[in-house]
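Quick notes on the structure that follows.
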Amino acid sequence: MERVYSAHSLLVSEVSSVAKRVLSECGIEASAELVVERAPPERGDLTVNVYRLARDEKKAVELAAQLSEALARGARLVGAARSEGGFVNIEVNPDTYGRLVWKVVSEMGEKYGFNPHPRPLRILVEHTSANPVHPLHVGHLRNCVVGDALARILRARGHSVEVHFYVDDVGLQMSYAAYGFEKVKGLKRDVKPDHFIGLVYAVTNAVVNIRALQKKREHANPDERARIDRELSDWLWVAKELMERDEELFAAIAEAAKSEDPLERIYAINRAYEAGEKWAVSLVREVAERCIEGFKQTLDRLGVAFDSWDWESEVTVWNGLTAEVLRRLRESGFLREDKGALVFEADRLAEDPEVRRRLAIPASFSVTSLVLVRSDGTTLYATRDIAYSVWKFRRGVDKVINVVGAQQALEQAHVRLALYAMGYVREAENMVHFAYEMVTLPGTKMSGRRGRFVSADELIEEAVRRAGEELAKRGLDPAENREIAEKVGIGAVKFAMLSVSPSRPLTFTWERVLDFERNSGPFVQYAYVRARSVLRKAGSLKPEVAEGAFGSEERKLLFLLGYFPEVVARAADELKVELLPQYLNELALAFNKYYDEVPILKAEPEEKARARLALTLMVAVTLENGMRLLGIEPPSRM
RNA sequence: GGGCCCGUGGCCUAGCAUGGAAAGGCGCCGGCCUGCGGAGCCGGAGAACCCGGGUUCAAGUCCCGGCGGGCCCGCCA
């Protein structure tokens, strides 16, 4: 007998088969149009829209009546079916369906929700990939939290998933940080290493930009001068802020930049690093490693792990892959030279509607050509990203999902087009840009180069602090407080970031991210803790579901519990992480209501108490598994 | 100038793929602690779904044209 992962899918197939029988009796051959979906609250559990089957109003109403009668009579798992207008609203039978759900949940236990896809894939997920020159900020946090949950959900769908972090160690931003670092590495500061590097990076940017702008100003015409002055005053403000943060460090870098041309040195570091010269490698690597050490501290605290850290230098430059990509692109005939630079004619390739269709590039999306090699012979970020994509697929994966900001939509399309041009058609078709919108800070614009951002660490710390305060208010044992505050605070942040759809820009405010009420991480955790508390108090009472033990008061919860594997499947197949937090909130809400309405342990007769205990156990298991899929830790008390 | 995303009660968000019954939360008003944990529960007020056309028996959802906000457009990453 085949393993059952989802009671819901059995329910739906039962409803469909009864419905199809009625339809064919009526001479309607429209099984493809038959959709069984969730009913709006207060109308039942499932609904069939009959308008889609019979376009005619009168016929639809008639057919709905026939269908509901057949379902109420002929479907074992259905308790009630009513026709309302052109809809058939269905309620599950709490007895038969409840016993089925109990069977599935108790068999699956901590794996409940695991719902394997008929054709599992090998999937590579890349996420976060912050440049190793400053700490993770709230924008990276959104990327990180969403990417991590996505990977977990895909695994629960039976896919084999590897999670990668792309360490962007090639490029000018790295050399800026390295330049500043050279001047101040002797300074001892009592901060996380990534915060130290972030400050060095911002100071270097300020010092170098101010110097460059002042030089440019000398030979500028009045129009340009006005523009330069505006930019200059912006950077002078930044410099002032940074000086206030660390006067000694600022002075050290500013002094050094007076006696030499810093840009010359920065470019030299960049060239030497790409060429793999030892001195540059050890300098740049020290900066990047320190920064990544800080990232890892933050990620550990968040419970986010990576299977692989891919250094751009290693996987694209030093191994010759970027050069190979350029050769193949040249052979493709889509490369041209323009003023000494090499340009990929992505626009020309994108004129073919068939190519667009295969690469999921809409007909109206405007594609530009892309410079791959500067006139001085050095490569650009996108060039190396193409090589990285080739590298990813050479690991033997079926699909690559890049969790990357929506601003990079054009760049991501460029990479797919380049893969296609090189003949990597399957790869190009299976590279997905999972886009998320920016996190904005009201008032200012976040900028790593300017050292202006709310770091992930600050946010986490504040969340944990507030959670600790709440816990103390409730008289929680201080010995336990710290550990639980960690789970609750971080849970709140994750839930807040996961429950809005990634396509929507997120305005960061403390009160929003640190919401502990309904529709929040702590709300779900609280419902879980209550359920656990009941289970602890059960004593010798054993969870068990006898025939007829579940009644109408359990119906809604049973339906929701059975629905969980379906949510996991949809979240994975449609890449919609936000379905999970929405579902968990709904389940928590339903359990809280149930908890308020009926006695569980004191229910009479004992058979009912045992069934309600089983229900409580299922709620706890489902909430726990759901939270884990989001990377949220379930606390035992709070 | 071209393109992408977003626009839903005072505020935040779901629903748009596959058209059919506007769903949650915050805030506001009023109730519920002698019960298994009140970070809870129940009730109420509050929405011309950005605007204008079109398709349709039916549009928040599809199409066209606007408006507002964010982002992107060859030698940054």
Side-chain angles (χ1 to χ4, degrees), chain A residues 32-33 35 37 39-43 47 49-52 55-57 60 84-87 89 131 133 168 170-174 338-344 346-347 362 364-376 378-382 384-385 405-411 413-414 435 437-438 440 448-449 467 470-471 473-474 488 499-501 503-507 509 511-512 515-520 522-527 529-538 574 578-579 582 585-586 588-589 592-603 612-613 616 637-638:
Chain A
E33 297 272 345
V35 180
E37 54 198 345
E42 309 310 318
R43 288 199 187 263
T47 192
N49 180 345
V50 184
Y51 287 111
R52 288 186 194 159
R55 305 264 156 196
D56 181 80
E57 171 91 35
E84 296 176 60
F87 294 91
N89 292 321
N131 291 341
V133 290
D168 195 2
V170 182
L172 282 177
Q173 87 285 347
M174 205 60 240
D338 190 6
K339 292 172 216 145
L342 279 181
V343 180
F344 169 48
D347 47 344
S364 55
F365 189 90
S366 116
V367 174
T368 60
S369 61
L370 172 72
V371 173
L372 292 178
V373 182
R374 294 186 186 96
S375 15
D376 72 356
T378 57
T379 59
L380 285 106
Y381 171 80
R384 299 186 297 268
D385 202 19
Q407 5 17 320
Q408 304 218 44
L410 178 59
E411 193 268 350
H414 276 145
E437 276 292 342
M438 303 211 311
T440 55
R449 286 174 64 204
E470 287 293 318
L471 289 167
K473 247 193 254 171
R474 285 152 224 274
V488 174
S499 51
V500 285
S501 134
S503 67
R504 199 182 266 268
L506 189 75
T507 304
T509 60
E511 58 171 10
R512 179 167 171 180
D515 174 17
F516 289 3
E517 296 185 57
R518 272 192 265 199
N519 212 344
S520 76
F523 176 75
V524 173
Q525 288 172 322
Y526 181 71
V529 165
R530 274 178 142 183
R532 277 281 163 233
S533 172
V534 173
L535 292 165
R536 259 200 308 275
K537 295 215 161 105
E574 296 168 28
E578 63 274 24
L579 297 179
Q582 281 160 22
N585 185 58
E586 201 182 346
L589 222 39
N592 279 335
K593 185 177 162 71
Y594 180 76
Y595 180 93
D596 253 44
E597 277 172 358
V598 308
I600 298 169
L601 299 176
K602 289 174 194 148
R612 289 181 174 176
L613 189 65
T616 306
R637 263 174 244 280
M638 66 190 277

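The chains referred to below are lettered A, B, ... by the order of the sequence lines, with proteins before strands, and numbering in each begins at 1.
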**Study point:** Given B/A14, B/C26, B/G20, the nucleotide with the shortest approach to the side chain of A/Arg518
**Key:** B/C26
Exercise for review: With A/Arg530 as the cation and A/Tyr595 as the aromatic partner, state whether NZ or CZ is under 6.0 Å from the six-membered ring centre and within 45° of the axis.
Suggested key: yes
Exercise for review: From the options B/G24, B/A77, B/A17, select the nucleotide whose nearest atom is closest to the side chain of A/Gln173.
Suggested key: B/A77
Study note, to complete from the structure: Side-chain atoms of A/Glu411 come closest, of B/C36, B/C75, B/A77, to B/A77
Exercise for review: For A/Phe87 and B/A21, say yes or no: do the ring centres fall under 5.5 Å of each other while the ring planes differ by less than 30°?
Suggested key: yes
Practice item. Using the C1' atoms only, state how far B/C64 lies from B/C72, rounded to an integer number of Å. Key: 24 Å
Review point. Between the side-chain atoms of A/Ser375 and the base atoms of B/C75, is any donor-acceptor pair under 3.5 Å?
Key: yes
Exercise for review: Determine whether A/Val35 and A/Arg52 make a side-chain contact, defined as any pair of heavy atoms from C-beta on separated by less than 4.5 Å.
Suggested key: yes
Point to revise | Nearest-0.5 Å distance, CG of residue A/Leu380 to CD of residue A/Glu411 | key: 11.0 Å
Point to revise | Gap in Å between the two C1' atoms, one belonging to B/G54 and one to B/C75, rounded | key: 45 Å
Point to revise | P gap between B/C4 and B/U13, integer Å | key: 23 Å
Practice item. Starting from the 5' end of RNA chain B, give me the residue, A/Thr47 or A/Gln407, whose nearest nucleotide shows up first. Key: A/Thr47
Check your understanding: Using the C1' atom in both, what is the distance from B/G15 to B/G7, to the nearest Å?
Key -> 15 Å
Practice item. Take atom C1' in B/G46 and the same atom in B/G1, then report the distance between them in whole Å. Key: 44 Å
Study note, to complete from the structure: Quick note, A/Ser364 side chain, CB onward, closest among B/G70, B/G37, B/G3 is B/G3
Revision key, fill the gap. Assign each of A/Lys593 and A/Pro40 the nucleotide of RNA chain B bearing its closest heavy atom; nearer the 5' end lies the nucleotide of A/Pro40
**Study point:** No-hydrogen, no-angle side-chain donor-acceptor test under 3.5 Å, A/Thr368 and A/Asp347
**Key:** no
Practice item. Give the nucleotide from the list B/G2, B/G24, B/G20 with an atom nearest to the side chain of A/Arg52. Key: B/G20
Point to revise | Nearest atoms (heavy-atom pairs only) where A/Arg612 meets A/Pro599 | key: NH1-O, 2.8 Å
Review point. For atom C1', what is the distance between B/G66 and B/G27, given to the nearest Å?
Key: 34 Å
Exercise for review: Looking only at side-chain atoms of A/Pro505, point me to the closest of B/G37, B/C41, B/C6.
Suggested key: B/C6
Point to revise | Euclidean distance for P, B/C67 against B/C51 (whole angstrom) | key: 15 Å
Practice item. Side chain of A/Leu410 only, please: which of B/C71, B/C36, B/C72 is the nearest? Key: B/C72
Exercise for review: Go through the N and O atoms of the side chain of A/Asp515 and the base of B/A39, and report whether any donor-acceptor pair is under 3.5 Å.
Suggested key: no
